[in-house]
Structure formats: C-alpha cells, structure tokens
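Following: one structure in structure tokens, then a few remarks.
Numbered from 1 within each chain, the chains take letters A, B, ... in sequence-line order. Excluded from the calculations below are hydrogen atoms, water molecules and symmetry mates; all remaining heavy atoms, backbone and side chain alike, are included.
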Amino acid sequence: MSRQGSARTLSLTEELERLEQQITLTLQEIDSNFSKAHRIVTGSILPIVEQYAKHSSDVWEGSKFWKHFFEASANVSLSGYEEPEDPTYTETSVSLETPEQDGQDASPGALAGEDDDEEFTIDSPTQVTGVQSTPKLSASTSKPANGGRKAVSYRSPSPRKYTGKNPMAMPLSSEEPSTPRAHQDIYPQSSPFQPESAYQPSALRHNNDPLLHRVLDKSYRVQATPHTQRRQKEAATKPTPATGTKTAPWDDSPNSSPAMAAPQLRSDLFSPAKAPRTPGVSVLTPARGKIGRPAPTTSTGRQLFSPQDKAYTASKDRTSYIFNDDSDEDELEMSPPKTMQFHVPQSRLMQTPAREASRKIVEDLLLTAGADATDEIEADGEGLEEASPSVVRRAFDVDDDTF
Amino acid sequence: MESPHEHQQNLLLSRIITNVEKLNEAVMALNKSLQEINVQNMNVELVAQMFKNYQSNVLFHLEATDSLKEPS
C-alpha cells in the first residue's frame with residue numbers, strides 16, 4: 001500500500017516535471033519562432049520592400065509626365081487621398097465601387113459626342129455614379145470651389161472638370177513627395193485670403209470623388225481640382241508668377257492670363273487696412289492700429305504729467321485686457337523681460353517727432369514712476385506709435401512746456 | 001522556494017516579450033513603408049486608368065468614324 005502510494009507520488013512528481021519541461025520547451029519554441037519571424041521581417045522582407053519602394057518611385061517618375069499630360073489636357077489636377085474612416089462614407093464608397101467598373105465600359109458610348117477623347121478619361125466613373133459636380137470656370141474667380149463643394153451638380157460645357165478639394169486630403173497629398181501639386185494645394189489653405197467657407201461643406205463632398213481603392217477599412221478616392229480655380233487661389237497668396245513654375249510648363253500657357261488678373265482683385269480686397277495709415281504709425285506693426293488704441297494714448301498725453309498717473313496705468317491695463325495684446329500679461333505682472341523689449345521700440349521711436357515725444361514721456365516715467373515705469377515704457381511706446389500725428393504733437397507741446 | 005522550471009519559464013517569457021516587441025516594431029515599419037508605397041502607387045494607377053480610358057475612347061472614336069484599321 002505504501003509502495004503504491006510512493007509510486008503514485010513519484011508518478012505525480014514525474015508528471016509535473018514532464019509538464020514543466022513541456023511548457024519550457026513550448027516557450028522556447030515560441031521564442032525561437034518569434035525571433036525567427038523578426039529575423040525574416042527585418043532581414044529579408046524590409047529590404048525587398050525598400051527595393052520595391054525604389055522601383056515604384058522609378059515607375060512613378062516614368063509615368064509622371066503622362067499624368068501631367070492628362071491633367072493638362074483635362075484641365076484638372078488629380079491626386080489620390082485616403083478617405084477618413086467613417087461608416088457612412090464607407091457605405092457610399094462600396095456602392096460606388098461597382099458602378100465605377102460599369103462606367104469604364106460604358107464611357108465610350110455615353111460620351112460619344114465629346115470633342116476630345118482624352119478629356120473624359122477620368123470622367124466615366126462619376127458619370128455613372130451621377131455625382132459629378134463640375135464648377136463653372138468663370139465663377140471660380142469670385143467664388144472658388146463653393147458651388148462644387150455642396151454637391152450641387154453643375155454641368156459645365158466640358159464634363160471633365162472635377163471639383164474635389166478635400167481638406168482632409170491635404171495632409172495626405174502633401175505626403176506625396178514627387179507631386180509638385182501637393183505644395184500648391186497647401187498654400188491656398190493656409191492663406192488668410194482664402195475664404196474658409198470654400199472648404200467647409202466638405203462632408204457632402206466626399207461622395208463626389210470617385211473611389212479608387214478600398215483596402216480593408218480604408219477607402220482611397222481620387223480628388224480632382226480644376227486648374228484655373230487652383231491657380232487663382234494660389235495667385236492670391238503669392239502674386240508673383242514664380243509660383244507657376246511648380247506646375248508643368250504645359251500647364252502654364254493656357255491659364256496664365258486669368259491667374260495674373262486674380263491677385264489684383266484679391267489684394268484690393270484685403271489691402272485697404274494699410275491705406276489709411278498715418279505717418280506716425282510704424283510700418284512694422286500696422287495691424288495693431290486698432291480703433292480703441294489711440295484713446296488711451298491721448299489720455300496718456302494729459303495724464304502723464306498730472307498727479308493721476310496711477311489712474312492712467314489702471315485704465316491702460318484695462319484696455320490691454322480688452323484688446324488681448326500679448327503684452328497685457330507682462331504689464332500686469334510687471335515682469336523683468338519688459339525691460340528687454342524696451343530697446344526695440346526705442347530705436348523705432350527715434351525716427352519721427354512722435355517717437356521723440358514718446359521717448360521723452362518714457363524718460364519722464366522713469367523719473368516719476370520708478371519700477372512701474374519699465375512696464376509703461378513699452379506700453380507708451382506702442383501707444384504713441386499708433387496715435388495720430390495731432391495727438392502726438394500735443395503731447396510733444398506739453399513736454400516742451402514742462403522743460 | 002522557486003522551482004527551476006518557473007525561473008526558466010520566466011526568463012523565456014521575458015525573452016518572448018522582447019522578441020514580440022522587436023517584431024512589432026519591424027512590422028510597423030513594414031506597414032508604414034507599404035502604406036507610403038501604396039499612396040505613391042495611386043498616382044501610377046491613376047495614369048494607368050487614364051490610359052485605359054483613353055484607349056477605349058480612341059477605340060470608340062475610330063470605330064465610330066470607320067477609320068479603325070487592322071494593324072499591318
């Protein structure tokens with residue numbers, strides 16, 4: 001009995017030992033498999049993929065000319081982009097998938113009367129899907145891309161032009177290194193002249209772009225932008241014709257004249273802020289010439305030499321709060337860096353009588369206000385820069401009387 | 001007292017974890033490069049589609065105008 005028990009215990013221990021060894025062996029096998037997989041991925045797959053990337057970039061280099069050729073002939077700029085993951089969009093993209101194939105088969109018949117064969121090469125997918133929206137090129141001067149974005153179907157004389165500037169696509173299109181167009185697309189979006197409304201209703205726009213690929217849960221779409229429209233946006237940002245050098249040379253010739261006309265209109269729209277500039281205003285900070293700013297300055301001229309200095313500083317702080325200047329926090333905290341900034345306006349103040357007057361005010365403040373003066377120096381300097389000449393002259397006269 | 005098996009298994013597990021991390025990094029790098037290649041190849045595919053459509057359009061035009069000739 002005891003022998004049986006000991007044998008059983010022994011067998012249990014052996015069994016446990018065996019199991020432990022098996023576990024260890026299995027773990028070793030797993031470990032070796034993982035390391036083998038890692039070795040394969042890094043050793044053989046990655047170099048091949050890099051080679052593939054190089055070769056595909058070579059292929060792209062070879063076909064780049066033809067893409068530009070077709071784009072120039074269709075007067076659009078095409079680029080693929082990854083559609084943001086959205087269940088509603090993926091459904092529509094699935095529904096667009098099959099018609100696209102049909103469209104390619106049906107395209108010759110549907111566009112029998114077209115003037116140029118190559119112009120509707122990309123056209124066929126959208127024709128079948130029925131979501132083609134083509135902007136009128138004439139309207140692109142005043143309202144660029146607005147009409148096309150809102151899924152309103154325009155039927156332009158030539159059905160080859162696409163709208164399709166998707167803001168979501170911008171970052172991705174910028175990732176395409178060899179496409180010169182990607183840089184041009186970035187400019188209009190970051191431009192302050194570009195009305196943002198042109199890009200806002202992008203939600204309705206997604207379905208307009210024909211589907212190119214559907215990989216797993218991502219769908220890639222083709223984005224097409226009319227050239228003339230893009231050109232004018234671009235010209236609004238950079239009026240110099242040098243921006244046109246980014247496009248292919250054959251792109252430039254047909255559209256160069258309307259592109260040159262656009263920047264004048266735009267610059268007229270946005271320039272008047274500079275027009276009423278007064279002589280005393282600094283050229284470097286014209287944007288600070290806000291309506292409310294001169295008022296405290298006039299009070300400055302009067303109050304600086306009156307015993308109500310502190311009242312003025314309080315009001316000054318309040319106004320800087322209102323206008324959210326960068327300097328208002330510094331003024332409140334009276335931080336030392338203000339003294340460093342003092343030098344910049346002082347050099348500018350030396351140029352005109354207004355600046356001289358402000359400099360004198362600053363000196364007076366240094367004498368009277370003590371530590372507070374360093375903060376007000378900056379504030380006064382800025383205020384006088386934006387003041388009208390009459391106001392400054394008044395302060396100057398007061399200054400003369402004082403001394 | 002810790003059994004030697006447990007000790008060894010712990011070591012093996014930590015090795016496995018390290019290997020999996022490395023493999024994960026490698027696969028992520030692979031995915032990234034493949035995605036870049038895909039994005040780049042989209043342009044090539046666009047060109048291919050344009051050529052395909054152009055070819056079908058030319059074919060249709062030639063057939064419509066009865067000027068399609070057999071290759072000599």
Among A:Arg39, A:Glu50, A:Glu17, A:Gln21, which has the most heavy-atom pairs under 4.5 Å with chain B?
A:Glu17
So, for B:Val47 and A:Ser63, which heavy atoms are closest and what is the spacing to 0.1 Å?
CG2-O, 3.7 Å
How far apart are the C-alpha atoms of A:His38 and B:Glu25, what are their side-chain angles, what is the distance that settles it, and do they pass the side chain to side chain contact (heavy atoms under 4.5 Å, CB included) test?
CA-CA 9 Å; A:His38 177 252; B:Glu25 285 174 10; over 6 Å; no
Do A:Ile23 and B:His5 come close enough that some side-chain heavy atom pair is under 4.5 Å?
no
If I measure from the heavy atoms of chain A, does B:Ala64 come under 4.5 Å with its side chain, its backbone, both, or neither?
neither
For B:Ala26 against A:Val41, the heavy-atom pair lying closest together
CB-CG1, 3.6 Å
Give me the atom names and distance for the closest heavy-atom approach of A:Ser56 to B:Asn41.
CB-OD1, 3.2 Å
Residue pair A:Ala53 / B:Gln40: nearest heavy atoms and the distance that separates them:
O-OE1, 4.2 Å
With distance as the sole test, does B:Gln9 use its side chain to make a donor-acceptor pair with the main-chain N or O of A:Glu20 at under 3.5 Å?
yes
How many angstroms lie between CG in B:Asn43 and CD in A:Glu61, if you round to the nearest 0.5 Å?
11.0 Å
A:Ser32 versus chain B, heavy atoms under 4.5 Å apart: side chain, backbone, both or neither?
neither
Excluding sequence neighbours, so at least two apart, what forms side-chain contact (heavy atoms from CB on, under 4.5 Å) with B:Val20?
A:Phe34, B:Ile16
